Amino acid sequence: MKISKSVIEEYKVMCPASAQKSGTDEIIEYKIRRAVDLGKVVDIRGEEFHIQYFYNIFVRKNNSVVKMYKSNSNDRYINVSERVKQKYDLIHSKVLV
């Protein structure tokens, strides 16, 4: 899956603490990929799948993540447990702090 540079930049603005902790764009790309894989599809518009992970929504079109935005509804929250994230990291041979 490809992740556009604009999505990485949006992530840095919308999730500054996580981006700073990540240190490199490669780790941010991994976090975005994990969010898209573990998130829930909340909307489909033509070829665009809107995938929510906590309050973040990623737009996947074809095999690329092309946009990121925040949910504008405080009650709309997709939780992913730490255990699930750790299993995903283990499968993909990544250890994140």
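What you see is a predicted model, and the numbers here were worked out from it, not measured in a lab.
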**Item:** Under the salt bridge (Lys or Arg N to Asp or Glu O under 4.0 Å) test, residues paired with Arg45 that sit two or more places apart
**Value:** Asp43
**Prompt:** Does one hydrophobic cluster hold both Val65 and Tyr88, with members joined at side-chain heavy-atom distances below 4.5 Å?
**Reply:** yes
**Item:** Heavy-atom side-chain proximity of Arg60 to Met1 below 4.5 angstrom
**Value:** yes
**Message:** Taking the side chain as everything from C-beta on, heavy atoms only, tell me whether Lys70 gets closer than 4.5 Å to Cys15.
**Reply:** yes
**Message:** Less than 4.5 Å apart, side chain to side chain, heavy atoms only: is that true for Tyr55 and Met14?
**Reply:** no
**Complete:** NZ (Lys87) and CD (Glu82) are apart, to the nearest 0.5 Å, by 13.5 Å
**Asked** Do Ile91 and Ile32 share a hydrophobic cluster (ILVMFWY, side-chain heavy atoms under 4.5 Å, transitive)?
**Response** no
**Request:** Find out whether Ile78 and Phe54 are in side-chain contact, i.e. whether some heavy atom of one side chain is under 4.5 Å from a heavy atom of the other.
**Result:** no
**Message:** To the closest 0.5 Å, what do you measure between CD (Glu9) and CG (Asp25)?
**Reply:** 6.5 Å
**Request:** Ignoring hydrogens and angles, state whether a donor on the side chain of Tyr30 or Ser22 is under 3.5 Å from an acceptor on the partner side chain.
**Result:** no
**Item:** Close side-chain approach of Lys2 and Asn62, heavy atoms under 4.5 Å
**Value:** no
**Within 6.0 angstrom of Lys67 NZ, more than 12 heavy atoms from elsewhere** = no
**Asked** If two hydrophobic side chains count as joined below 4.5 Å and joins carry through other members, does Ile44 share a cluster with Phe58?
**Response** yes
**Message:** Can you give me the closest heavy-atom contact between Tyr11 and Ser18, atom names plus distance?
**Reply:** OH-OG, 2.7 Å
**Prompt:** Do Ile3 and Val41 belong to the same hydrophobic cluster, where Ile, Leu, Val, Met, Phe, Trp and Tyr are linked whenever their side-chain heavy atoms lie under 4.5 Å apart, directly or via other members?
**Reply:** yes
**Request:** Tell me whether Ile51 is reachable from Tyr53 by hopping between hydrophobic residues (I, L, V, M, F, W, Y) whose side-chain heavy atoms are closer than 4.5 Å.
**Result:** yes
**Item:** Point-to-point distance, once rounded to the nearest 0.5 Å, from CD1 of Ile57 to NZ of Lys40
**Value:** 11.5 Å
**Prompt:** Which distance, rounded to the nearest 0.5 Å, do you find between the CD1 of Ile8 and the CE of Met68?
**Reply:** 11.5 Å
